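First comes the structure, then the notes that go with it.
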Amino acid sequence: EDQVTQSPEALRLQEGESSSLNCSYTVSGLRGLFWYRQDPGKGPEFLFTLYSAGEEKEKERLKATLTKKESFLHITAPKPEDSATYLCAVQAGTSYDKVIFGPGTSLSVIP
Amino acid sequence: EPEVTQTPSHQVTQMGQEVILRCVPISNHLYFYWYRQILGQKVEFLVSFYNNEISEKSEIFDDQFSVERPDGSNFTLKIRSTKLEDSAMYFCASGYDLGREAFFGQGTRLTVV
């Protein structure tokens, strides 16, 4: 069965303290991996798409990387406004439509 | 910046009643989706819609659910006879190409009492 897990479940960082979030997946034939940010009571906001191992994408303080079994979201010098839940989602197998979401990592950045 | 809009933001309904959740996807997008998120749980895929028909649906999307694109701009999710366990945040999303990222609306919080 296709599965997506994320760690840690929650992370508290001091402002400026860099760290990484992990997304591990066991799926049959990865087609794409997506990172989203979700603020409380809001819809997921798209951040990155990765398609193949070795691929990297960057946006401001965020950098996403992909290997054959996991993806990392690196946060460099975070600010309080980076506080949110970060969701990983994968598209796999024969489906181009169905996306499986992980449970998310809740990030709190303390000033 | 174009965005997906959903109405209403919050709907309270009695068990057994029909509800229709409405969405206006981004205008040049061709692929439309509904997801749901029960409080404190994962975002779950419900259904995808392309070229005026369902292209894929999950086990959650049973006969009580239906989707429609009644005109060129709206996309709706109907739940015929709501149950308590249908209480969740429902997200509409749209995408411009198959296999690419989807853009989500702000959600409709459905509360079944």
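No experiment lies behind these values; they were computed from the predicted model shown. Note that these values count all heavy atoms, side chains included, but never hydrogens, waters or copies made by symmetry. Here is the naming used below: chain letters follow the sequence lines, and residue numbers restart at 1 for every chain.
- Summarising the geometry, atom OG1 belonging to A/T85 is positioned 10.5 Å from atom CG belonging to A/L21; distances are rounded to the nearest 0.5 Å.
- B/E68 contributes atom CD, which lies 8.0 Å from atom CZ of B/F49 (distance to the nearest 0.5 angstrom).
- At a 4.5 Å heavy-atom cutoff, the contact between A/Y36 and chain B is made by side-chain atoms alone.
- For the options B/R109, B/Q106, B/Q6, heavy-atom pairs under 4.5 Å to chain A are most numerous at B/Q106.
- Of the atoms belonging to A/I100, not a single heavy atom falls under 4.5 Å from chain B.
- The candidate from B/Y50, B/Y31, B/Y35, B/Y33 with the greatest count of non-hydrogen atom pairs under 4.5 Å with chain A is B/Y35.
- For the residue pair B/E56/B/S48, the side-chain donor-acceptor check at 3.5 Å is not satisfied.
- A heavy-atom distance below 4.5 Å is found between the side chains of B/I60 and B/E44.
- Looking at A/Q38, only its side chain comes within 4.5 Å of chain B, counting heavy atoms on both sides.
- A donor-acceptor pair shorter than 3.5 Å cannot be found between the side chains of A/S20 and A/N22.
- Looking at B/A93, neither its backbone nor its side chain comes within 4.5 Å of chain A, counting heavy atoms on both sides.
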